[in-house]
Amino acid sequence: MQNPYKAYPVRIDSIDVATEDKSLRTFTFVFLNPEDEQKFAYESGQFAELSIPGKGEIPIGIASSPTEKGFVRFTVFRTGLVTNHLHNMKVGDIMGVRGPLGHPYPLKDLEGKNIVIIGAGFAFTTLRSTIVYMLNPENRSRFGKIDVIYGARNPGMILYKDELTAWEQRDDINMHITVDGTDDPSWKYHTGFVPTITEKVAPQADDNTYAIMCGPPMMLKFTKPVLDKLGYKHENIILSLENRMKCGIGICGRCNIGKELICKDGPVFTLAQLKHMPEEDT
Amino acid sequence: MMKIINIDKQKWAGGVESLSKSYRLFGPVKDVDCHNFKELKQGEQPDLSYGNTKLSPKSVVFPPSEAMFTYSLDESNPEHHILKDVPKDYSPRAVLGMRPCDAKAVSLVRMNFDTPEYRDPYWMDAYEATTFVGLACENPCASCFCTSTGCGPYNEEGLDVLLVDNGNAYIAKALTEKGEKLLASGGFTDAGDASAVDAKKAAAEAKITAKIETDKLSEKVIMDLYDAPFWHDVAFACINCCTCTYACPTCWCFDIQDENKGCEGVRMRNWDSCMTPLFTMHGSGHNPRDKKHQRVRQRFMHKLKYFVDKYQKGIMCVGCGRCVQQCPVNLDIRTVSKTMNDYVAKS
């Protein structure tokens, strides 16, 4: 059995500034040993430890989709020791990727269902992976209606703009893009917080409709009652959580909420499951 | 069929000497004002006259600080920034004279490091290389409460050999093949007689009067205990010194850190503690456990409720009493457990 702490060596293939304020960059990695790409087989919603020898590791959701081959991609917010260092690295630099880790979104169970994706800020990465996966010609027919509600602080903070624009042109996905506020007179999408827009545009719930949500705590807190109002069952609301992690494999003991370890038992949970787990900041 | 061997104390030191030829030996030795488990130097004997060690012997399989990988940051090195395995010595090793509570702790902790999904190679390789030789307790400490944790002064779980002090000799029970092999390797071959053991065991157990109450913990609801009003009171005196987690044989949390010197570096793992705020602090500065009562609650809920629910193997405590003895503010897990055990949520 291979050492689960050992990262696969990767080369940075490209670095793209992802937001106007440059606080987020998208890193595309290529595995140094081609066979490692097979070993890294992942599903949307999983994460990996980005491993920079000499600095440390950070758990980051996988932004690329399993349908995209030859690379793995992450969009990273610059905030601490490792991410600051990462933002200053250059194309061609060598580092490591360890994973895939955690449970994915249960897309196999969602086949035949209508899906509402609700995301905000830079938590859109694994949702981007999910959308790309579902829109893949081989997969699209296996899902029902797809709605996407995505909010950012202002137009400059929207991730994956080109893809959002392309998805807007399609008739097999309903895009609902919003910003908290903007003074741009040419802004042609929604203005307002995600919960408000969700209330306006999300389809009424039925047993066949599921919501997948990922975003900052405040957005989640205020969107949950909206989904309640629309009649979504808690079993049909799927969320992805995060916490400080080290090992990522359920051993080092710090990321638990109650008896569940976010890294290994999650990061994906249904709202029904979360109801039995403590809210850690009380 | 369990083998019983009689070890004349006159022959013990010579046997240890023989064992040192095929095992790395760890045993209790005098360490300034207390005893602790250390690797025995050539010719050094374990001091089996100790009561209990200040720290548990968990470090034999789980060192406080351990190298995981090395790497080079020198870009002229063709393999720079690639993690390299660290050479490890997993030749046979043996712990001599560990207390039964600490042995049971190792088997509880194993459930964390050896899971269906992942096997922690460092902990497991060290564990599999180790033969655990226990020493039954004749004179338990006043703070011991092992008999109410599913353990006891003569408990055999997690041990390969149990030694029972019988005056001029040790009665050695070989509990596993590994244990038999060790006894043979030490030249301990005299057939023994275990008839004295039961009475001695009953006498030792009778000396342990302290108890921990846990019988109702499994039926409690996590959310009820979590939201119970007593955590601020429980945590009031705690100074988050981490002594309890450091001394505890069942605490396993660790941190991973890169340490660099020039262009060379080592990825280390180090014991960590849920008592420190940094343990859970997010990169954003948000901390789900930034308050003391949240951290104290995490420690007791983990040991007395989360673990109970997750594994159905009882509490994550073996009653060694170290945290009770060493806590500078007299926080007592037995009191906390009773509070939790007795708690009825208002409906």
Side-chain angles (χ1 to χ4, degrees), chain A residues 1-11 32-33 49 51-59 77-84 89 93-96 98 101 216-217 242-261 264-265 275-282, chain B residues 68-73 75 79-83 85 112-113 115 117-123 221-223 225-227 251-260 263 265 267 269 272 274 278-291 294 297-298 301-302 305-310:
Chain A
M1 196 187 283
Q2 74 180 39
N3 185 338
Y5 297 103
K6 197 170 191 178
Y8 299 120
V10 294
R11 181 172 47 75
L32 287 193
N33 308 312
E49 290 278 352
S51 181
I52 305 180
K55 292 295 168 186
E57 297 185 318
I58 35 160
F77 177 61
R78 174 179 183 154
T79 184
L81 176 83
V82 179
T83 54
N84 265 296
M89 287 173 73
D93 282 350
I94 304 298
M95 51 177 277
R98 184 158 72 79
L101 303 168
E242 53 184 24
N243 238 347
R244 182 173 185 150
M245 294 173 189
K246 288 288 177 172
C247 73
I249 56 175
I251 296 183
C252 81
R254 77 191 59 233
C255 69
N256 70 298
I257 294 186
K259 72 177 166 58
E260 317 299 334
L261 294 153
K264 187 174 147 186
D265 302 320
K275 290 281 162 190
H276 301 285
M277 292 160 61
E279 286 192 43
E280 283 277 333
D281 33 8
T282 55
Chain B
M68 305 171 83
F69 303 102
T70 56
Y71 48 81
S72 168
L73 306 175
E75 298 204 356
E79 302 243 273
H80 69 90
H81 289 90
I82 293 179
L83 299 172
D85 292 320
N112 183 60
F113 285 96
T115 69
E117 300 89 354
Y118 298 104
R119 175 187 184 274
D120 184 287
Y122 311 106
W123 196 97
V221 176
I222 285 179
M223 296 295 271
L225 287 176
Y226 189 90
D227 292 329
C251 274
W252 66 63
C253 291
F254 61 84
D255 188 18
I256 298 174
Q257 289 289 337
D258 287 4
E259 293 179 12
N260 306 325
C263 279
R267 181 159 289 172
R269 81 161 166 201
D272 205 347
C274 57
L278 267 182
F279 189 64
T280 48
M281 191 163 91
H282 292 194
S284 64
H286 168 71
N287 191 345
R289 291 183 215 140
D290 68 340
K291 295 186 195 73
Q294 298 166 333
R297 173 173 58 193
Q298 161 63 20
M301 284 292 277
H302 188 199
K305 184 57 186 169
Y306 303 151
F307 188 89
V308 172
D309 284 13
K310 184 164 178 174

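Labels below follow one simple rule: chain letters A, B, ... track the order of the sequence lines, proteins then strands, and each chain is numbered from 1.
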What one should report as the nearest heavy-atom pair of A/P278 and B/Y306 is CG-OH, 4.2 Å

With a 4.5 angstrom heavy-atom cut-off, could you sort out which part of A/K275 is near chain B: side chain, backbone, both or neither?
backbone

Tell me, for A/E242 versus chain B, whether the close heavy atoms (under 4.5 Å) come from the side chain, the backbone, both or neither.
backbone

Which one, A/T79, A/I251, A/I94, leads in non-hydrogen pairs under 4.5 Å with chain B?
A/I251

Checking A/M245 against chain B: side chain, backbone, both or neither under 4.5 Å from a heavy atom?
neither

Residue selection (most heavy-atom pairs with chain B, distance under 4.5 Å) from A/G80, A/G253, A/G54:
A/G54

Pairs of heavy atoms under 4.5 Å with chain A: top-ranked of B/V221, B/L73, B/I222, B/D255
B/D255

So, A/R254 side chain and B/M281 main chain: donor-acceptor pair closer than 3.5 Å or not?
no

Residue A/K55 versus chain B: region with a heavy atom under 4.5 Å:
backbone

Side chain / backbone / both / neither for A/L32 at chain B, heavy atoms under 4.5 Å:
side chain

Leading residue by heavy atom contact count with chain A [cutoff under 4.5 Å; candidates B/N112, B/I82, B/D309, B/D290]:
B/N112

Is the Lys NZ or Arg CZ of B/R269 less than 6.0 Å from the centre of A/Y5's six-membered ring, within 45° of the axis?
yes

Flag the one option from A/G250, A/C255, A/S51, A/G96 with the top tally of heavy-atom pairs under 4.5 Å to chain B.
A/S51

